[in-house]
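The block underneath contains the structure these notes are about, expressed in structure tokens.
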Amino acid sequence: MTTPNASPFAHLLDGPCYAVIFSSQRSAGHDDDGYAEAADRMVELAAAQPGFLGVESARGADGFGITVSYWASEEAIAAWRRHAEHAAAREQGRSRWYTAFELRVARVERAYGSGRP
């Protein structure tokens, strides 16, 4: 999965925003079933949504992954949840791609960092 600006880091923000934290365990034996293409498509679609700020994602060899998407408002998150293609991908995730997942929404009060590529 790539970010819209091809950096592994989401853009750091000056003020509060929201983070949607999606933790998941991939199903075994489904490496070639369209998952990577669907994940890339979701990033592409999310990046086109009003209020989208960026995404960061990692997955271990054991199939456990975390994707954090950043949004300007809870309304932007709700609109993304209602997006028809995103809803279809979520259903595929439940039925084919994940054995377990959790989703958390958090308000980010500040962000800072160092040494960005």
Side-chain angles (χ1 to χ4, degrees):
M1 186 177 314
T2 59
T3 59
N5 65 0
S7 170
F9 292 96
H11 176 70
L12 293 175
L13 306 168
D14 293 333
C17 67
Y18 292 85
V20 176
I21 306 158
F22 178 71
S23 304
S24 62
Q25 181 65 53
R26 283 291 315 275
S27 302
H30 292 287
D31 292 337
D32 297 323
D33 63 358
Y35 176 80
E37 294 84 2
D40 286 344
R41 176 68 177 149
M42 290 305 101
V43 171
E44 178 185 342
L45 283 176
Q49 300 305 302
F52 176 81
L53 302 172
V55 64
E56 298 167 338
S57 189
R59 185 164 303 279
D62 63 353
F64 181 78
I66 298 176
T67 297
V68 182
S69 60
Y70 298 93
W71 300 86
S73 67
E74 290 188 88
E75 293 79 17
I77 295 167
W80 172 236
R81 181 165 173 67
R82 290 188 303 269
H83 189 285
E85 198 170 338
H86 180 219
R90 286 196 317 270
E91 182 54 39
Q92 288 289 321
R94 287 182 183 101
S95 66
R96 296 175 52 195
W97 294 323
Y98 304 120
T99 59
F101 69 88
E102 292 185 2
L103 188 122
R104 299 164 182 95
V105 177
R107 183 177 158 103
V108 178
E109 293 293 332
R110 64 189 155 276
Y112 57 91
S114 175
R116 294 191 65 167

**Asked** Quick one: do the Tyr70 and Glu56 side chains pair a donor with an acceptor below 3.5 Å?
**Response** yes

**Message:** I'd like to know if the side chain of Ser24 pairs up with that of Arg59 as donor and acceptor (distance under 3.5 Å, no hydrogens or angles considered).
**Reply:** yes

**Request:** Calculate, to the nearest 0.5 Å, the distance between atoms CD and SG belonging to Glu74 and Cys17 respectively.
**Result:**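 One finds 11.5 Å between CD of Glu74 and SG of Cys17.
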
**Atom pair OG/CG of Ser69 and Leu103 - distance to nearest 0.5 Å** =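 Between atom OG of Ser69 and atom CG of Leu103 there are 8.0 Å.
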
Distance-minimising heavy-atom pair for [X] and [Y]:
{"X": "Gln49", "Y": "His83", "result": "NE2-CD2, 3.6 Å"}
{"X": "Tyr18", "Y": "Ala72", "result": "CD1-O, 4.1 Å"}
{"X": "Trp97", "Y": "Ala38", "result": "CH2-CB, 3.5 Å"}
{"X": "Pro50", "Y": "Ala76", "result": "O-CB, 3.5 Å"}

**Message:** Test your reading of the model: is there a side-chain donor-acceptor pair from Arg90 to the backbone of Arg81, 3.5 Å cut-off?
**Reply:**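 Yes; judged by distance alone, with no hydrogens or angles, the pair exists.
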
**Prompt:** Do Ser27 side-chain atoms and Arg96 backbone N/O form a donor-acceptor pair below 3.5 Å?
**Reply:**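 Yes, because the side chain of Ser27 sits within donor-acceptor range (under 3.5 Å) of the backbone of Arg96.
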
**Request:** Could you walk me through whether Phe64 and Ser23 pass the side chain to side chain contact (heavy atoms under 4.5 Å, CB included) test, one step at a time?
**Result:** CA-CA 7 Å; Phe64 181 78; Ser23 304; 4.0 Å; yes

**Request:** Quick one: sort the His86 and Trp80 rings into parallel, tilted or perpendicular, breaks at 30° and 60°.
**Result:** parallel

**Message:** With side chain to side chain contact (heavy atoms under 4.5 Å, CB included) as the criterion, how do Phe101 and Gln25 come out once you've worked through the C-alpha distance, each side chain's angles and the decisive distance to 0.1 Å?
**Reply:** CA-CA 6 Å; Phe101 69 88; Gln25 181 65 53; over 6 Å; no

**Request:** Flag yes if more than 12 heavy atoms outside Glu102 fall under 6.0 Å of its CD atom; otherwise flag no.
**Result:** no

